[in-house]
Amino acid sequence: MFTDDGCGQDSTCFNLDMGRNSPHLLYMAIRLSVWQHLCIAINQANSIIRLALNDKVKKYINEDKLIDADTENGTNLTITQVFPKFSSIPVNQPRINHLSDLRLYNQEISEEDMNHYINNCSGDLQNSAQPVLTLDSDLLQVKGSAQLTNISEEQVCASVQPMSIFFNRRHNFKKAQDWCSQLGGSLPLPESHETNTFFYNQALKSRRGCDDYSILYWLDAVNNASGDFYKMTDGKPLKWINLWSWGRNNFEILCLVIDNRRFNKGSDEWRLTSCRRPSCGVLCSFDYSPWLKLQEITSEMDTPLGRHWWRVWQSGCSQDKMLLVLSACGAKEYTCNDGTCINMNKRCNLILECPDHSDEEHCEKVLLPHNYYPRLPLPSTVQRPFQLGLTLSISSVRKFCPTTFTVVIDTNLIFWWSDSRLTYRNLQTSYYDNTVPNMSQVWHPKVDIKDGYYGAVDLTHHSRNIHILRDSRPFMIFEKSSEG
C-alpha cells in the first residue's frame, strides 16, 4: 500500500511488515538522519490500523489481512528502509540502527493520543494509560550485537529543520521557482523566526559574490495587487509574515525576498520587490532527500537535468549516443527538456507551460500505420457495416420563398465514427483541443446534399474540422532510467 505523501519506487520510505507470510507492507516517506516518531494502533475488532509517523497519521482498513489474526500467540513487527531501485544500498536492507523509546499498551491508542505523543515528544498519553512493556522492563533482553547507551531527551525531541541547498545562480523569481522544481523541491517559506534564521544561515555558508546584489534569495510567497499575501505553490494564505514596512505604487504582483543588506545588519525581515529582478542565488527547500541518477555527460550544458543527448560506452548497449531524461518529476508529471516538472494534463494543451516551451513539441494527435490509405473505408470486425453516427441541427433560416421554392439555411452537420486503424496520443479532455491538422490524412465521410427532387444544392462550407473524442483514460508512460 503506497501513500500519497511522496513515497514511491524512487524515494526513501519507511516500510512496516506486520508479520504475515505474504508481503503486505505499509509505506510512508521519511526524512533521513533524524529521529522518527512512530505510533501504531491495531484494533482487531473493527479491523482498523492507525499508523502515525512524525506529522502524518494514516488509517488503514484491514480488509487484506495486513496483520495475523492470531496475534495472541505472537507476531513480528519489522521496520526497514526502502531505497530507490537504482541506489547502491540493497533494497529492503534494514537500516534502523537506534531505538530510543518503546512503549506497548494493551488498549487501542486514539488518533488524538498519537498526535499528542508525537507532537509533544511525551512519554505519557493524555488518557493516563500505563504501558505494559517499556525499554526499562525486565522482560526485554539485549541480544546479538545490540548495545545499551544513553541519549538525552533534548536530542530525540529536537525539532527537525527543513533540508535546503543554496545554488549560486542569478535568477528571477520564475526561473528560481523552476530550478527548485527541477530538483524535486520548492522555494523556502519560513513559518517562524527560528526557521527564517536557519534558511539564512544555510545560504550564508554557500553564497559567493553577493555584495552587489540586494536580493539574497527568493521566498515562496507573493503579494498581489489587492495587497494579499499567499504561498505561490498552492495559493494558500501565509501562516507567518515577517515583512518590513512597505507600500504599493503599482498593480504589479510583487515577490517576497530575503534582503542581503538588511540581513547583514542583523535584521531578518522580508522585503517586497519586483519578481523580474535577479537574485544572488537560489535557495531550494526539500521535504525529502531527492534521488538523482547521473551518467557521463557528453557536452557542456547548463544543467544535466532534463532531456539531453548522452554518450554511452562500456555498457553493452548497441548505441553509443542516447537521448536520456534525468528527472526528479513524479509519475503524473511531464519532464520538460530543461528538467522543469509540470502536470501531465498540461502537455499539448496549446498553452506554453514549460519555460523552454517543450511541452508543446511533438504533439501529434494521430499516428498513421504504414499501410494506411485514407480513401479506403473503415474495416469492420463483424459481419455488418461499421457504425457511423450523424447529428443535424439548423442554426438559422436566412431565406424562405414559397413562390420560387427556395430556402437558405445554416446547419451544423456532425458525424462520428471510430477508426481502429489509427493510434492516438497527447489527447486532451476537451475534443476542441484534439483537432486533426490535416483532414486529408485520415478517412472521413464525403457529404453530398440533394433537394427533394434530387436536384443540385448550392453548398458553402463555413468550416470543416475533424476532432478526436477521448473516451477513456490514457495509458501512463513512465520514463525510467536503465543500464545497458
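Cys pair Cys336 and Cys341 fails the test of SG atoms under 2.5 Å apart.
Proximity of a side-chain donor or acceptor of Gln177 to a complementary backbone N or O of Ser186 within less than 3.5 Å is not detected. Side-chain atoms of Glu360 never come within 3.5 Å of backbone atoms of Leu352 as a donor-acceptor pair (strictly under, hydrogens ignored). In this structure, the side chain of Asn115 engages the main chain of Glu111 through a donor-acceptor pair within 3.5 Å.
With contacts defined as side-chain heavy-atom distances shorter than 4.5 Å, the pair Leu427/Lys365 qualifies. When side chains are defined from C-beta on, Ser100 counts as touching Trp35, because their heavy atoms get closer than 4.5 Å. Residues Tyr424 and Leu367 are not in side-chain contact: their nearest non-hydrogen atoms beyond the backbone lie 4.5 Å or more apart. Taking 4.5 Å as the limit, every side-chain heavy atom of Asn242 sits out of range of all side-chain heavy atoms of Pro190.
Between the CG atom in Asp359 and the CG atom in Asn349 there is a gap of 7.0 Å [rounded to 0.5 Å]. For the atom pair Trp179 CH2 and Phe167 CZ, the distance stands at 6.0 Å (nearest 0.5 Å). Here the CZ-CG distance, from Arg470 to Asn426, works out to 11.0 Å after rounding to the nearest 0.5 Å. Atoms CZ and CD, from Arg347 and Glu333 in turn, are 14.5 Å apart once rounded to the nearest 0.5 Å. Atom CG of residue Leu272 and atom CG of residue Asn223 lie 5.0 Å apart, to the nearest 0.5 angstrom. Here the CD1-OG1 distance, from Ile342 to Thr335, works out to 9.0 Å after rounding to the nearest 0.5 Å.
Annotation for Arg307 and Val325: closest pair NE-CG2, 3.7 Å, computed over non-hydrogen atoms.
Taking the disulfide bond (SG atoms under 2.5 Å apart) definition, one finds that Cys39 meets it with nothing, sequence neighbours left out. Residues forming a side-chain hydrogen bond (donor to acceptor under 3.5 Å, both in side chains) with His357 (at least two apart in sequence, or on another chain): none.
In this structure, a donor-acceptor pair under 3.5 Å is absent between the side chains of Asp259 and Trp270. For Asp136 and Thr134, the side-chain atoms include no donor-acceptor pair closer than 3.5 Å.
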Inset, instruction - Could you check Ser152 against Gln155 for side-chain hydrogen bond (donor to acceptor under 3.5 Å, both in side chains), going step by step and ending with a plain yes or no? - result: CA-CA 5 Å; Ser152 68; Gln155 288 178 272; 3.2 Å; yes
Inset, instruction - Carefully, step by step, assess Leu135 and Arg103 under the rule side chain to side chain contact (heavy atoms under 4.5 Å, CB included). - result: CA-CA 7 Å; Leu135 279 182; Arg103 294 172 181 269; over 6 Å; no
